[in-house]
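Chain letters run A, B, ... following the sequence lines, proteins first and then strands; every chain starts at 1.
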Amino acid sequence: MSHIPAPIAGVIWKMLVNEGDEVHADDEVAILESMKMEIPITAEQNGFVAEVVKKQGEFVNSGDILIKLR
Amino acid sequence: MSWEKELKDRVTQIEKGGHFKYHEKNKEKGKLFVRDRLALLLDNGIEFEDGKFANEDAEGLPADGVITGTGKVNGRTVCFMANDSTVKAGSWGARTVEKIIRIQETAEKLNVPLLYLVDSAGARITDQVEMFPGRRGAGRIFYNEVKLSGRIPQVCILFGPSAAGGAYIPAFCDVVIMVKGNSSMYLGSPRMAEMVIGEKVSLEEMGGADMHCSVSGCGDILVSDETSAIEKARSYLSYMPLNYKKQPPESTAHEPAAFETSVEEILPHNQNVPFNMYQLIERIIDNNSFFEMKELFAPELITGFARLNGQAIGVIANQPKVKGGVLFPDSADKAARFITLCDAFHIPLLFLADIPGFMIGTHVERAGIIRHGAKMIAAMSEATVPKLSVIVRKAYGAGLYAMAGPAFEPDCCLALPSAQIAVMGPEAAVNAVYANKIAALPEDKRQAFVEEKRREYKENINIYRLASEMVIDDIVNGNDLRQELINRLAVYKSKYMKFSERKHAVYPV
């Protein structure tokens, strides 16, 4: 099981995956908005989305888990 | 036995290193014998070796576990010390330490680079009185490193552990190259950590190459095997002068690779949308000339050596693709270190700015973002090498300052037509100035009002307006940037300045 954490504090502008989706390494899984910038979040490895932990519009701190993979 | 035969036999014995079984053990880990490493590193092998007979009287301690001498790299003399991990795991006895100190003294006298090929378990505790506390004990090695820092290039290739005090050898070098899986740095071993603080942790997790090259920032370059590590060291030295009094060597100029897309095409119009800064770097520099430092550490800022028309430069570039290119404590620290390194060895600096600013929020304030940001700004201010500042897209707030903005005496501050310089971006600015007014407006009027104000704001910070105010020196098309920089660099070569008269700054470290 691997987790995808937020690299930076900000608000989730777009969540691009749903539970059960297959993701590949380097796929964009979410876009954060922080410092008025769009910050794409990519998966580090292949897997399936086990859980979308944070919702669109939610504030997240650096290191918070956004998505759990299986 | 004849004299000659005796000498020959003894030398042969010493050059074999430690016991056969330790050679085998190293082989299993993909580790080369120390003399084979040196053969790969040096153009024509060891030129001379001093202290070869060190501790020959003792059983099983050939060369006392370290080889010191001179050789050539890229045709130029270098000094080296290289631990032999087949001899008591490369540990340090009194003569080991004395040999290292002597080669440092030699490098100082000759004013040539010094390479540390480290693979050592640390001090031999049984020999501590002779090698640890005294005037020429191990502490002297670190004292000498500090003294030599910025005077001659000091390069560390870490092939194995550098434990406890030994971990400070890499810490004081200009560059640390680490081999995945084998290299490690740590003050206390996992066994020690368990005994003393009760922590259970693996060596790899606590002090492995991956960790140091991506988290702690103690490692600069991560490679997969020893041969690549040695190639990296040779390549690194090709950007460096022999010492601080010399200029970096020039190399053959190469055009950048051919790309289908122009600079304008890779830059998104919306400042908030990221792009990949590497794409711009490779369109500016000589083909295949990028030598990146700390690629895996704080990747929101890119630092690396490159060549412009054959001339070595140091590139400091924001990477909008990672964390928006925002500066963090680690990226500011990384920049400060790299700028200092380039400035020490006459390597001109090229800043490529696309930066929304320094990170804000509780997390980074607690981490001392102000203190770390100050390090970067201090190092950049103090640098007296040619400083070329290029505003690629946005340069907001202290981000403009940190990236060698106009007030920090760059030799030029150029802008691409896509540049936008301001205290903050239009969205943040309009919110800051008109927050109350926006709140007072009926909901259906707000959007139009905000858009109108943003448009006014953008006009106010239009790059041609800033050029007209002479904030920037010139506006250059992306595809002409390389030639512009080559021309300027050639002219700025004669630059000489002393930054300030004093003993030294009180560094914001």
(message) Measuring from atom CD of B:E427 to atom CE of A:M35, what distance do you get when rounded to the nearest 0.5 angstrom?
(response) 12.5 Å
(request) Taking atom CG of B:N270 as the centre, report whether more than 12 heavy atoms of other residues, nucleotides or ligands fall under 6.0 Å from it. (result) yes
(request) Please check if atom CZ in B:F408 has more than 12 non-hydrogen atoms from other residues, nucleotides or ligands closer than 6.0 Å. (result) yes
(request) Please say whether more than 12 non-hydrogen atoms of neighbouring residues, nucleotides or ligands are located less than 6.0 Å from NZ in A:K54. (result) yes
(request) Please report the shortest heavy-atom distance between A:M37 and B:P356, naming the atom on each side. (result) CG-CG, 3.5 Å
(request) Answer yes or no: are there more than 12 heavy-atom neighbours, outside A:E58 itself, under 6.0 Å from its atom CD? (result) yes
(message) So, taking the atom named CD in A:E38 and the one named NZ in B:K321, what distance separates them when rounded to the nearest 0.5 Å?
(response) 15.0 Å
(request) Side chain from CB out, backbone as N, CA, C, O: work out which of these in B:M359 comes under 4.5 Å of a heavy atom of chain A, or both, or neither. (result) both
(request) Please check if atom CD1 in B:I360 has more than 12 non-hydrogen atoms from other residues, nucleotides or ligands closer than 6.0 Å. (result) no
(message) Heavy-atom pairs under 4.5 Å with chain B: which of A:P7, A:S62, A:A6 has the most?
(response) A:P7
(message) Walk me through whether B:N431 and A:K36 qualify under side-chain contact (heavy atoms from CB on, under 4.5 Å).
(response) CA-CA 12 Å; B:N431 280 344; A:K36 303 285 166 192; 3.8 Å; yes
(request) Grab the two heavy atoms, one from B:K323 and one from A:I8, that are nearest each other, plus how far apart they are. (result) O-CD1, 3.8 Å
(request) Heavy-atom distances under 4.5 Å only: say whether B:E300 touches chain A with side chain, backbone, both or neither. (result) neither
(request) Count the heavy atoms of every other residue, nucleotide or ligand shown that sit under 6.0 Å from CG of B:L441, and state whether that count exceeds 12. (result) yes
(message) Quick check on B:K180: does its NZ atom have over 12 non-hydrogen neighbours (other residues, nucleotides or ligands) under 6.0 Å away?
(response) no
(request) Would you mind checking which part of B:Y396 comes under 4.5 Å of any heavy atom in chain A, side chain (CB onward), backbone (N, CA, C, O), both or neither? (result) neither
